[in-house]
Amino acid sequence: MTDSSETGPSGTDLPEGVERRAFDGRDRLATRGEPVYGEPTDDGWRCWDAGRSKLAAMFESGMNVGLAGDETVLYLGAASGTTVSHVADFAGPTYAVEFAPRPVRDLVGVAEDRRNLFPLLKDARKPETYAHVVESDVDAIVQDVATRGQARVAVENRQFLAPDGRLLAALKARSEDVARDPEDVFEDALADLREGYEVLETARLEPYHDDHLGVVARPR
Amino acid sequence: MTEDGTRPETDGGGWFEGVAPDDAEAGATRIREGRADAPADWPERAVASGFAADDEEYYDALREASLRAAREGAAERARADDQQLVHAVRAMDDAAAEANELAERVAEWAGSRYPDAGTGVEYARELAERDPESPTDERLIALAGRTADLADESEELREFIERETPEVAPNLAALAGPVLAARLVSLAGGLEPLAKKPSGTLQVLGAEDSLFAHLRGHAPSPKHGVIFTHEFVRGTRPEKRGSAARTLAGKLTIAARIDHYSGERKPELDAELQRRMDQIRGRGDDVDGTDEQSGGDEE
């Protein structure tokens, strides 16, 4: 996998608005905003647990995600909004796409406390159903969809991404095929992804998330 | 995205086009129902068209409309789907039961007229094809036709349930099979009530009569309700069925909760259930007797 040797687990450049702070004596990621899911808070900072968030795990794994803060973000697979709440804390306008109605209920609650978060009950596999809402040239697509064909989703949503934007995806091996070796699944997914992207960096997200591959890519 | 890389004109334009700036209701409807072939710089267009004074105002309007759209859409879909399933599965059972009852009537009537009269829905189907030779035949054959139609309707309802259940409860449908999953949702009165039931209750859903007999104190506790129709219970040797039913109910309860609270498909559940079932069935069949619990299992 691509080298990440000069950025150790604590050497990643964190975006503006994300800090390492001590919670229970351990240095952990934190963003500033309204608490959402009972996470520990400290002086207005909310602990961002890498075990619950694949994007946080990508930060913790020392990946160079290329976020500086205040970006326009399209988040695919927002679920109940745990991760997207942290993203909205440090990013600019944040479009959160989620298809299952139950988690969207929670996502709406998260969005009510945030001025820059727009929840969309849409299917990430059908970008034409939200292209009339999500603006073009977003700075980053964060993808965490648990569906078969995750690479396909990324390729189809590339149209939203600015030419110098970044795709930050967490690929879940078990969503593609539970039985196959995750490494083989990832290899196939990356091959599909290269149809639309140049893959800059990959890293397994263990120990935070089993059988997940973090991917940083840019459109080509 | 088009093949040649150009962006076509979007068909409906941005969600805000034709919407008054303070009309969040109309905006929400456009967000829910609209579409476009490609994105555009919507904030800029909204400001240029006078929908908003600046980006900030645009985003505030978008926020209002998107919150409303998501809230309404989620409530509507959640409310709609599992209740539709409940109706469908009850209608399927009613249609099948009525078809059987009418088939009995048809068979009895036909037996008085034709020496070769058969029984069941299949015979009603056969009879429905005949040409009536008398006014009495006419009535009988028409009744047979209705019976066949009812049976067909029940079959179509089953197909509908098989298509629809995986949308409403993907994990439960995968583990239980779509029809059994729909039955469980129906017996509980919806996906939410099912998700809130303990596994022991799910295990005996559909066996209420035996359960109450047991609670009154003069019967053994039922081992299974409708989940008996699942291959993992029915296909397991009788003395292991209790364990099989308990294990299956446990996994189905987890599946229902994931479906209700997260909606995300977890394929690993299928594998876990399979593994546990192999263990349970393996225990008694294991001739090598490696498992100390296998004692006393012989038929």
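Order of the sequence lines fixes the chain letters, A, B, ..., with proteins taken first and strands second; residue numbering starts at 1 for each chain.
- At most 12 heavy atoms of other shown residues, nucleotides or ligands fall within 6.0 angstrom of atom CZ in A:Arg148.
- Taking a cutoff of 4.0 Å between a charged side-chain nitrogen and a carboxylate oxygen, A:Glu112 and B:Arg63 do not qualify as a salt bridge.
- A 6.0 Å sphere centred on CD of A:Glu39 holds more than 12 heavy atoms belonging to other residues, nucleotides or ligands.
- Side-chain atoms of A:His132 do not come within 3.5 Å of backbone N or O of B:Ala40 as any donor-acceptor pair.
- Across every non-hydrogen atom of A:Gln159 and B:Asp37, the tightest pair is OE1-O, 3.6 Å.
- In this structure, CG on A:Asn116 lies 11.0 Å from CD on B:Glu56, to the nearest 0.5 angstrom.
- Residue A:Phe118 is tested with B:Trp42, B:Tyr59, B:Tyr58, B:Trp15 for a ring-ring contact (aromatic ring centres under 6.0 Å, His included); the sole match is B:Tyr59.
- The closest donor-acceptor contact from the side chain of A:Ser136 to the backbone of B:Asp41 lies under 3.5 Å.
- Residue B:Glu159 qualifies as enclosed at atom CD: its count of foreign heavy atoms under 6.0 Å is above 12.
- The CZ atom of B:Arg265 sits 11.0 Å away from atom OG1 of A:Thr147, with the distance rounded to the nearest 0.5 Å.
- Residue contact with chain B, scored on non-hydrogen atoms closer than 4.5 Å, involves the backbone and the side chain of A:Val108 alike.
- Using a 4.5 Å cut-off between heavy atoms, B:Asp259 contacts chain A through its backbone alone, with no side-chain atom that close.
- Residues B:Arg45 and A:Glu135 are not paired through a salt bridge, judged by the lack of any N-O separation under 4.0 Å between the basic side chain and the carboxylate.
- The two residues A:Lys172 and B:Lys266 make their nearest non-hydrogen contact at NZ-NZ, 4.1 Å.
- The shortest side-chain heavy-atom distance between B:Arg35 and A:Lys122 does not fall under the 4.5 Å cut-off.
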Starting from the C-alpha separation in whole Å, work towards a yes-or-no answer on side-chain contact (heavy atoms from CB on, under 4.5 Å) for B:Leu62 and A:Tyr95. CA-CA 10 Å; B:Leu62 169 60; A:Tyr95 299 88; 3.6 Å; yes
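- If you measure heavy-atom distances from A:Ala79 to chain B, you find no contacts under 4.5 Å at all.
- Closest approach of B:Ala36 to A:Ala131, counting heavy atoms only: O-CB, 3.5 Å.
- B:Pro39 is not listed as a side-chain neighbour of A:Val134, based on a closest heavy-atom distance of 4.5 Å or more.
- Residue A:Tyr130: no heavy atom, backbone or side chain, is found under 4.5 Å from chain B.
- Scanning both residues, A:Ala111 and B:Leu67, for their nearest heavy atoms gives CB-CD2, 3.6 Å.
- The minimum heavy-atom distance linking A:Pro101 with B:Ala74 is given by the pair O-CB, 3.5 Å.
- Using a 4.5 Å heavy-atom cutoff, the side chains of B:Asp270 and A:Val178 are not in contact.
- Counted within 6.0 Å of CD on B:Glu44, heavy atoms from surrounding residues, nucleotides or ligands total 12 or fewer; the atom is thus considered open.
- With rounding to the nearest 0.5 Å, the separation of CZ in B:Arg32 from OG1 in A:Thr129 is 13.0 Å.
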